[in-house]
There are 2 protein chains.
Amino acid sequence: MVSLNGRAGGIRGAERRQARRPQVLPAAQTEPSLKLAELNDHVGYFLRRLQVALFKDFMRTLAPVDVRPAQYSVLILIAANPGRSQAAIGRALGIERARLARMLHELERRKWIERRAAAGDGRSHALFLTAAGDKALARIKALTARHEAQMVDLMGSKRRMLLLELLREFG
Amino acid sequence: MVSLNGRAGGIRGAERRQARRPQVLPAAQTEPSLKLAELNDHVGYFLRRLQVALFKDFMRTLAPVDVRPAQYSVLILIAANPGRSQAAIGRALGIERARLARMLHELERRKWIERRAAAGDGRSHALFLTAAGDKALARIKALTARHEAQMVDLMGSKRRMLLLELLREFG
DNA sequence: TATTGTTATACTCTATAACTATA
DNA sequence: TATAGTTATAGAGTATAACAATA
């Protein structure tokens, strides 16, 4: 179960409980609830809050395999586009090449990927998943499926699709 | 003008140009375009891409006053809720108290806020904007209005509202 | 000259722990 | 004991610059 502010029960569950709670406690006890004021009109504010909550759930769910969102996206892209260069992967994901170089070192250390000399261009490395990487990715995908199930739990299947389709237009 | 991948012209502008562009160039020249594969089904992936793009635009637009998103949210909350404690502000925004303490030092150094001993509780500080802080915030708000105008430019007014309303349900 | 990959540095942000002073 | 605020440290992530090898 996922929640935005550490509350259990998801959005709808929390609303239900709040509606049921008698409004007799003094304000100081009920958690005073500050005015968000202008923040209410900023897409970026709510986008950030939700993004942080989702990444936290992702990291919590993927903790058994110790994989973070950026690493996951790199593994998926290498698996789906074998043989591409670091530059290509980095560009596609918006990861800076210096950062990607270090991340690939780490993935290489774990024996999940390998860099081979590229055929045509002596400068670039062709990236591949190893057999171990392929196996690890299967386990990782099982966990990300659980993460997405928790997203459905948090927002409801219909709202999740609506949000996904809306966001995809900008990605 | 804002864009997600450094392209100029916004989403709709880019689409228009792409539709006009003749499809005769070799794939290697056109920017190969990798498969996103499973990433296409993750809300978090697109959420993150958009959030990073929005924050970049925010920082670019607010650069003249050197204010970052988190600082802005703190200033807005202090202005709308004068006299509240650091703990209350931090809880409302999901900012860890250690981090908030340092951020408030910086805002105090710039003479935008002040901490007074709280009335009832000897442990906590009541936060207020100074007159200079109030004046600075007016200028800051003018720049955030420009930022939001750029958001409208990026996504269209209707889509921005739809996204805002959808996200607010989770904030 | 530009690009690919690498290393290094600085800065922001997050997560903790430890500490004080109050409650 | 718990809370409010502070300081310090370690780890990600981001932004740059500089460099060697290659195009």
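These numbers come from a predicted model, not from an experiment. Here is how names work: the chains are called A, B, and so on, in the same order as the sequence lines, proteins then strands, and each is numbered from 1.
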Of Ser124(B) and Arg48(B), whose closest DNA chain D nucleotide lies nearer the 5' terminus?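 The answer here is Ser124(B).
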Which whole-number value in Å describes the distance from [X] [atom1] to [N] [atom2]?
X	N	atom1	atom2	answer
His125(B)	dT20(C)	NE2	C1'	12 Å
Leu93(B)	dC13(C)	CG	P	13 Å
Ile89(A)	dG5(C)	CD1	P	10 Å
Gln71(B)	dT12(C)	CD	C1'	11 Å
Asp66(B)	dC11(C)	CG	P	13 Å
Gln51(B)	dT12(C)	CD	C1'	13 Å
Arg60(B)	dT14(D)	CZ	P	15 Å
Phe55(B)	dG13(D)	CZ	P	17 Å

When clusters are formed from ILVMFWY side-chain contacts under 4.5 Å, directly or step by step, what else is grouped with Met59(B)?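 Met59(B) clusters with Phe55(B).
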State whether the side chain of Thr144(A) and the backbone N or O of His147(A) hold a donor-acceptor pair below 3.5 Å, judged by distance alone.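 No, because the side chain of Thr144(A) does not come within donor-acceptor range (under 3.5 Å) of the backbone of His147(A).
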Has the side chain of Arg168(B) got a donor or acceptor atom that lies under 3.5 Å from a matching backbone atom of Asn40(A)? yes
Does OP1 or OP2 of dG5(D) have a side-chain N or O of Arg91(B) closer than 4.0 Å? no
Does Gln86(A) make a side-chain N or O approach to OP1 or OP2 of dT3(C) shorter than 4.0 Å?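 Checking Gln86(A) against dT3(C): no side-chain N or O falls below 4.0 Å of OP1 or OP2.
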Among dA15(D), dG5(D), dG13(D), which nucleotide has an atom closest to any side-chain atom of Arg68(A)?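 Of dA15(D), dG5(D), dG13(D), dG13(D) is nearest to the side chain of Arg68(A).
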Under a 4.0 Å heavy-atom cut-off, which of residues 99-109 of chain A touch DNA chain D? Arg99(A), Arg102(A)
Kindly indicate, with the supporting measurements, whether the criterion side chain to side chain contact (heavy atoms under 4.5 Å, CB included) is fulfilled by Arg84(A) and Leu34(B). CA-CA 9 Å; Arg84(A) 308 306 291 262; Leu34(B) 306 202; 3.3 Å; yes
Determine, for nucleotides 17-22 of chain D in 5'-to-3' order, which nucleotides have protein heavy atoms under 4.0 Å from the base (write B), from only the sugar-phosphate (write S), or from neither (write -). -B--BB
5' priority, DNA chain C, between Arg115(A) and Gly120(B) [closest heavy atom]: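 Taking each residue's closest nucleotide, the earlier one in sequence belongs to Arg115(A).
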Glu148(B) vs His42(A) side-chain heavy atoms within contact, under 4.5 Å: yes
Name the orientation class of the two ring planes belonging to Tyr72(B) and Phe58(B) (parallel below 30°, tilted from 30 to 60°, perpendicular beyond 60°). tilted
